[in-house]
J.: 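I have a structure I would like to understand better, so I am pasting it below and will then ask my questions one at a time.
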Amino acid sequence: MRLSDATVVIRPRTTWEAMDLGVLMSQQHRRLLMTSWAVITLPVFALLSLLLWDSPSLAMFLFWWLKPAFDRLPLYILSKALFGETPTLKQALRQWPTLLKPQLLASLTWRRLSLSRSFLMPVVQLEGLDGEAREQRLRVLLQRNRGAAQWLTVIGVHLEIALWFGLMALFYLLVPQQVELQWNWQTLIAVAEHDWLWLEHLINLLYPLLLIVWEPVYVACGFSLYLNRRTILEAWDIELVFRRLRQRLSSTAPALMLLALLLVPLAPPAWAAEDSTAPDSPRLLNQPLTSEASRDSIKAILQAPPFKNPETVTRYRLGEETAESAETDEAPGWLKAWFKWISGQRFDIAAALIQIVLWACLVAAIAWLAWRYRERLRALVNLRPTKRPPVARPVPAQMFGLDIREESLPDDVAASVEQLWATDPRQALGLLYRALLSRLHNDFAIPLKPADTEGQVLQRIELLEHERLLTFSQHLTLHWQNIAYGHRPPPTHLQQQLCDDWRGLFGPQGAR
Amino acid sequence: MLERPALQRNATLPPPLDTRYQVETPEGIDLPLRPAGLMPRALAFAIDLGIRGLVLGLLFIILAFFGELGIGLGSILLFVVSWWYMVLFEVLNQGRSPGKQIMGLRVVQDDGRPIGWSASLIRNLLRFVDMLPFGYTFGAISCLQHPAFKRLGDLAAGTLVVYREQPVKRPALPLAQSIRPPFTLSLNEQRAVLGFAERQAELSEARVNELASILASPLNVQAPKAVAELNGIARGLLGPT
């Protein structure tokens with residue numbers, strides 16, 4: 001057994017988590033576990049049924065009693081698979097007869113009814129312990145996980161019963177209707193009298209079928225509980241890390257040793273070597289503020305308000321004992337009166353009242369729903385979409401941080417631009433651009449949103465199919481972007497051109 | 001037929017099996033959740049069933065005095081308890097119904113967030129699919145075969161039943177003079193050394209010596225002294241307390 005080959009993560013888990021690991025293990029090898037289980041159990045069940053055709057219950061009981069013998073195969077497969085040596089179906093089946101030998105009689109007789117069966121099975125089968133050694137081992141193992149192992153079996157019993165009834169119900173549901181007509185519960189109960197043995201054997205067959213799903217899980221859960229118990233008892237996880245650590249160190253150690261040997265004569269005595277004491281011993285003793293003094297002052301500060309806020313709260317509480325004892329004496333008479341009052345009273349009026357309230361609630365809820373979804377209902381009835389009133393789009397006050405309200409613009413935009421150009425071309429272009437945006441919004445009714453980019457504004461202008469406006473806008477946007485984001489001043493001749501274009505587009509005075 | 005294809009020489013090995021379920025947050029933090037399997041969940045359900053039965057039984061006895069009114073109130077009560085018991089407890093009590101509280105479980109969304117109204121309603125309405133055809137047959141089979149132990153309702157609602165994190169008790173370390181480890185230790189190895197010191201009380205004497213002797217030669221000490229040495233390193237890792 002080499003722990004480093006384990007295909008599961010070895011660490012101490014809680015008992016329930018350990019069982020979950022077992023479920024995962026059985027899932028990982030579910031095909032192998034289920035087929036091998038089916039291959040060994042179904043023939044045995046068929047044989048038992050044939051031999052004891054006249055007493056189906058006995059056949060069923062014998063099959064159930066033999067479960068520990070079958071359980072050894074899944075345990076073998078799981079224990080091999082744990083260390084990555086998953087056997088094939090053939091190998092596993094060939095191994096089964098040899099697995100049966102050790103202590104089969106004991107596990108089929110006095111250990112059959114043990115509730116921790118699956119938890120203890122690995123002790124015999126995997127460790128091969130017997131007699132006194134086994135007893136000792138069980139005592140150690142059962143110190144902790146006895147309860148969990150017993151719960152596992154108890155849950156298993158209930159699950160088997162539930163699944164059995166479930167399969168029966170499923171079987172009953174799947175029976176064609178023509179057949180079902182002749183059956184009713186009385187005939188089903190009277191099956192024994194009618195000698196419907198085949199039906200009983202059929203119902204018995206459901207049990208091995210459900211065991212194919214459940215029994216490998218049960219064995220795996222017991223096995224993983226066992227693994228977890230031993231992981232905790234023997235600290236397997238620590239051993240694993242220690243072994244890896246040693247491996248890591250031993251591969252680097254020779255090189256380091258060589259280096260150390262070379263360097264030892266040259267190395268000066270280490271400063272740390274003088275003061276190899278732990279960090280909490282007193283240090284810095286030759287100066288006004290010693291380490292201990294500083295530590296004490298730190299502790300004092302940590303106890304003070306910003307770090308700790310102790311608070312004393314005083315409250316009144318009800319006394320517990322005195323009040324009760326006084327009341328218990330009074331209770332019988334009071335209770336008797338109450339019961340008398342209840343038996344004398346008619347509650348039909350109250351019942352009717354509550355009924356009315358509940359019906360009213362229902363009607364109100366339906367009315368509310370109808371009101372809430374009236375639009376959709378109308379659409380459903382008329383098959384005509386309702387018209388929504390057009391939403392008045394508010395004028396965005398600002399775009400790109402520019403104020404585009406009409407009031408904020410000067411009366412004659414072009415003249416202002418010409419004035420500003422000489423001193424502050426950035427201002428001038430900005431004014432022109434926001435004047436353009438304002439015009440686009442007011443005169444051309446382009447829906448502008450505060451989130452639009454310059455490019456999106458241009459795309460909207462393209463839709464207008466106004467050639468001159470488009471070229472002017474493209475031109476202006478280009479130079480505005482250059483100066484706004486790139487800090488590249490526009491060429492001087494541009495002023496005249498832009499102002500002329502503006503006047504050509506929006507009138508000589510820029511009149512509104 | 002059941003043989004797996006042989007692994008390529010440089011193929012990565014399949015990750016070892018574990019009961020942890022990693023959720024990665026947008027910040028790149030791995031949250032390990034521990035999904036709970038069929039057995040604790042079955043017990044939690046049994047406890048809840050018992051509580052519900054007890055409450056309903058008591059109230060029915062009281063309501064039996066009230067004639068028709070009692071029958072009406074009783075049926076309302078039956079509706080509320082059977083359909084809303086789980087939902088209300090799960091949403092208002094951090095994903096814990098009384099049974100789950102006792103078993104140390106809670107319900108969360110797949111990504112570890114607390115469960116909301118819609119998810120809780122879906123997973124509890126679909127209980128009736130899990131119950132089919134009798135006594136949770138489908139639910140149990142789904143729970144046993146799903147890697148995160150989900151029943152059908154959990155699959156539909158995208159929820160997960162996990163173990164709650166329990167408060168950890170401060171472990172007692174054996175007394176030793178704290179020393180610095182003579183070689184650098186990775187986080188995993190530091191944890192193992194600390195675990196060795198913390199769990200010493202539960203291990204047998206012989207096993208403790210055996211474990212420590214694995215590291216005797218790298219520590220440059222005789223095997224019998226390795227235990228004290230490792231305890232000292234653990235003290236040093238723990239720092240002043």
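Proteins come first, then strands; the chains are lettered A, B, ... in the order of their sequence lines, and each starts at number 1.
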J.: Is chain A contacted by the side chain of B/Val208, its backbone, both, or neither, given a heavy-atom distance below 4.5 Å?
T.: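 B/Val208 has no heavy atom closer than 4.5 Å to chain A.
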J.: Name the member of A/Ile10, A/Leu353, A/Leu24, A/Val154 that forms the most heavy-atom pairs with chain B at distances under 4.5 Å.
T.: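 Of the options given, most contacts go to A/Leu24.
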J.: Find out whether B/Leu144 and A/Trp214 are in side-chain contact, i.e. whether some heavy atom of one side chain is under 4.5 Å from a heavy atom of the other.
T.: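 Result yes, sub-4.5 Å side-chain heavy-atom pair found.
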J.: Within the 3.5 Å criterion, strictly below it, is a donor on B/Thr19 or A/Arg13 matched to an acceptor on the partner's side chain?
T.: yes
J.: Could you check whether B/Glu189 pairs with A/Arg244 (Lys NZ or Arg NE/NH1/NH2 to Asp/Glu carboxylate O, under 4.0 Å)?
T.: no
J.: Non-hydrogen atoms of chain A under 4.5 Å away: do they reach the side chain of B/Arg20, the backbone, both or neither?
T.: both
J.: Under 4.5 Å between any side-chain heavy atoms of B/Leu43 and A/Trp16, yes or no?
T.: yes
J.: Tell me, out of B/Gly135, B/Ala140, B/Pro35, B/Pro133, who's got the most heavy-atom pairs with chain A below 4.5 Å.
T.: B/Pro133
J.: Could you walk me through whether B/Tyr163 and A/Glu17 pass the side chain to side chain contact (heavy atoms under 4.5 Å, CB included) test, one step at a time?
T.: CA-CA 9 Å; B/Tyr163 294 101; A/Glu17 260 191 284; 3.4 Å; yes
J.: Which answer fits A/Ile232, side chain, backbone, both or neither, if we ask what part of it has an atom under 4.5 Å from a heavy atom of chain B?
T.: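 Contact with chain B: backbone and side chain both.
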J.: Counting heavy-atom pairs under 4.5 Å to chain B, which of A/Val23, A/Leu152, A/Leu240 comes out on top?
T.: A/Val23
J.: Below 4.5 Å, heavy atoms only, C-beta onward: do A/Leu245 and B/Phe183 meet side chain to side chain?
T.: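 Side-chain contact under 4.5 Å: yes.
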J.: If I measure from the heavy atoms of chain B, does A/Ile354 come under 4.5 Å with its side chain, its backbone, both, or neither?
T.: side chain
J.: Show the nearest heavy-atom pair for residues B/Phe134 and A/Ala169, with the distance to one decimal.
T.: CB-CB, 4.4 Å
J.: Under 4.5 Å heavy-atom distance to chain A, tell me which part of B/Leu185 shows up: side chain, backbone, both or neither.
T.: both
J.: Do B/Leu38 and A/Leu159 have side chains that get closer than 4.5 Å, going by heavy atoms?
T.: yes
J.: Nearest 0.5 Å please: distance from the CG atom of B/Leu203 over to the CD atom of A/Glu234.
T.: 9.0 Å
J.: Would you mind checking which part of B/Ile179 comes under 4.5 Å of any heavy atom in chain A, side chain (CB onward), backbone (N, CA, C, O), both or neither?
T.: neither
J.: Quick one: do B/Asp18 and A/Arg11 make a salt bridge, cutoff under 4.0 Å?
T.: yes
J.: Can you tell which part of A/Met25 gets under 4.5 Å to a heavy atom of chain B, answering side chain, backbone, both or neither?
T.: both
J.: Can you check whether A/Thr7 reaches B/Pro16 side chain to side chain, under 4.5 Å on heavy atoms?
T.: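 They are not in side-chain contact.
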J.: Please give me the minimum heavy-atom distance between B/Gly195 and A/Ile238, naming the atom from each residue.
T.: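 The pair with the smallest heavy-atom distance is C-CD1, 3.5 Å.
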J.: Determine the option with the most heavy-atom pairs under 4.5 angstrom with chain A, choosing from B/Ser217, B/Pro147, B/Gly104, B/Gly70.
T.: B/Pro147
J.: Decide yes or no on salt bridge (Lys or Arg N to Asp or Glu O under 4.0 Å) for A/Asp237 and B/Arg199, but give the supporting numbers first.
T.: CA-CA 12 Å; A/Asp237 51 325; B/Arg199 284 157 59 185; 3.0 Å; yes
J.: With a 4.5 angstrom heavy-atom cut-off, is it the side chain or the backbone of B/Phe196 that approaches chain A, or both, or neither?
T.: both
J.: Which answer fits A/Leu358, side chain, backbone, both or neither, if we ask what part of it has an atom under 4.5 Å from a heavy atom of chain B?
T.: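 Only the side chain of A/Leu358 comes within 4.5 Å of chain B.
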J.: Could you check B/Arg207 against A/Leu233 for side chain to side chain contact (heavy atoms under 4.5 Å, CB included), going step by step and ending with a plain yes or no?
T.: CA-CA 9 Å; B/Arg207 179 65 181 162; A/Leu233 269 179; over 6 Å; no
J.: Chain B heavy atoms under 4.5 Å from A/Leu21: which part of the residue, side chain, backbone, both or neither?
T.: both
J.: Check whether any side-chain heavy atom of A/Phe242 sits under 4.5 Å from a side-chain heavy atom of B/Leu230, and report yes or no.
T.: yes
J.: Measure distances from B/Ile141 to the heavy atoms of chain A and classify the residue's part below 4.5 Å as side chain, backbone, both or neither.
T.: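 B/Ile141 touches chain A through side-chain heavy atoms alone.
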